[in-house]
Amino acid sequence: LSEVEVNGIKYQPLSPTSNLVEKGVMLFSSTVAPYEDEKEILNDIKVFIHKYLDISEVFEQIATYYVLFTWLYDRFNEVPYLRAIGDFGSGKSRFIQTIGMICYKPVFTSGATSTAPIFRILNESKGTLVLDEADFKFSDMTSDIVKILNTGYQKGTAVIRCKPNSFDPEAFDVYGPKIIATRETFTEKALESRFLVEEMEGGKVRKDIPRTLDEDFYEGALNIRNKLLMWRLDNYFKPIERRQDLIEGIHPRLN
C-alpha cells in the first residue's frame with residue numbers, strides 16, 4: 001500500500017528512494033522480528049553496546065534502558081537526553097554511533113550540518129536525533145541547537161521560525177530523544193540539567209572492542225531494531241505506570 005487512511009487522514013511512508021534514507025541519515029527497521037520476552041531484548045541491547053563501546057558499567061545500564069525507552073518515548077510527556085563529553089579521540093563518536101544505531105528512527109547529523117534541515121527532519125521523522133560534534137563554531141548555529149535541545153524535551157512545545165524570505169511563522173515539533181557528543185559543557189545551566197552524561201576519558205580502550213566497524217555491526221544493529229519494532233507494536237497501547245520515586249542527590253528535572 002502506498003498510503004493508509006485513518007479517520008479521514010491519509011498517511012504515506014517516506015519514500016525508500018529518499019536521499020536521507022539512501023545516504024543513511026535516517027535508519028529504520030526492515031521488518032518485525034520475533035523475540036521471547038523483554039529480558040531478551042534488554043540483553044541484546046546491552047551485549048551490543050558492550051561489544052562496541054567502552055563506557056562505565058553504570059552508564060552501560062543507563063544506555064540500555066534509554067534505547068528501549070526511545071521506542072516508546074511518544075507515550076511520555078518528557079524525555080531526557082544522553083550525552084558523551086570529552087576531547088578529540090576520547091570515543092565520543094563511537095558512543096553516539098553505537099547507541100544511536102539501535103534507537104527509534106535515528107537521525108544522524110553533525111556540527112558540519114546547517115541547523116535549518118535539522119528542524120525539518122525532526123518535525124517530519126519524530127525520531128531520535130543523533131548529533132556529533134554539537135559544539136557549533138558560529139553563535140547563531142549554537143543558538144538554534146540550544147533552541148532544539150531546550151524545547152525538544154517536552155511534548156507540545158514547538159519552535160517557531162520564520163519561513164525563508166518571509167515573515168510568515170512556521171512551527172516545528174522537535175520533541176524526542178537526543179544523543180549528542182560535545183567537547184565542552186553548555187553555558188546554560190537549565191540546558192545542562194536535561195542530560196544524562198558520560199565523561200569520555202580516552203586513553204586505554206578494552207582490547208576486545210573492534211577498532212573499526214564491519215558488516216556484523218550494521219547487521220547486528222538492524223536485527224535489534226527489528227525486534228524493537230515488534231516490541232513497540234506489542235506495548236504501545238498498554239497502560240503505563242508513572243512512578244513518582246525521588247532519587248536522592250539527583251536534580252529535580254532529571255528525577
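For this chain, numbers begin at 1 and follow the sequence in order.
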Residue [X] excluded, over 12 heavy atoms near [atom1] under 6.0 Å:
X: Glu192; atom1: CD; value: yes
X: Glu57; atom1: CD; value: no
X: Gln61; atom1: CD; value: yes
X: Tyr65; atom1: OH; value: no

- Item | Residues in salt bridge (Lys or Arg N to Asp or Glu O under 4.0 Å) contact with Arg94, at least two apart in sequence or another chain | none
Measure from the side-chain N and O atoms of [X] to the backbone N and O of [Y], and report whether any donor-acceptor pair falls under 3.5 Å.
X: Lys155; Y: Asp74; value: yes
X: Lys126; Y: Asn123; value: yes
X: Asn43; Y: Lys39; value: no
X: Lys178; Y: Tyr81; value: no
X: Asp54; Y: Arg206; value: yes
X: Glu3; Y: Tyr11; value: no

[X] and [Y]: which non-hydrogen atoms are nearest, and at how many Å?
X: Arg225; Y: Met101; answer: NH1-O, 3.0 Å
X: Val107; Y: Ser125; answer: CG2-OG, 3.6 Å
X: Ile102; Y: Val67; answer: O-CG1, 3.2 Å
X: Ile85; Y: Glu184; answer: CD1-C, 3.5 Å
X: Asp132; Y: Ser93; answer: OD2-OG, 2.7 Å
X: Ser29; Y: Trp71; answer: OG-CH2, 3.5 Å

Grouping I, L, V, M, F, W and Y whenever their side-chain heavy atoms are under 4.5 Å apart, do [X] and [Y] come out in a common cluster?
X: Ile240; Y: Leu42; result: yes
X: Ile45; Y: Leu222; result: no
X: Phe95; Y: Leu196; result: yes

- Task: Check Asn226, Asp234, Leu233 against Val32 for a side-chain contact (heavy atoms from CB on, under 4.5 Å) and give me the one that passes.
- Result: Leu233
- Message: Please evaluate residues Phe217 and Phe48 with respect to the criterion ring-ring contact (aromatic ring centres under 6.0 Å, His included), reporting the C-alpha separation (whole Å), side-chain torsions for both, the decisive distance (0.1 Å), and the verdict.
- Response: CA-CA 8 Å; Phe217 173 80; Phe48 182 84; 5.3 Å; yes
Aromatic [Y] / basic [X] pairing, under 6.0 angstrom, 45° off normal:
X: Arg232; Y: Tyr104; result: yes
X: Arg83; Y: Phe195; result: yes
X: Arg120; Y: Phe172; result: no

- Message: Among residues at least two apart in sequence or on other chains, which ones pass side-chain hydrogen bond (donor to acceptor under 3.5 Å, both in side chains) with Tyr52?
- Response: none
- Flag the pair Phe59 / Tyr66 as yes when their ring centroid distance falls below 6.0 Å, and as no otherwise. no
- Query: For Phe76, which residues count as a ring pair (Phe, Tyr, Trp, His ring centres under 6.0 Å) partner, sequence neighbours excluded?
  - Reply: Phe69
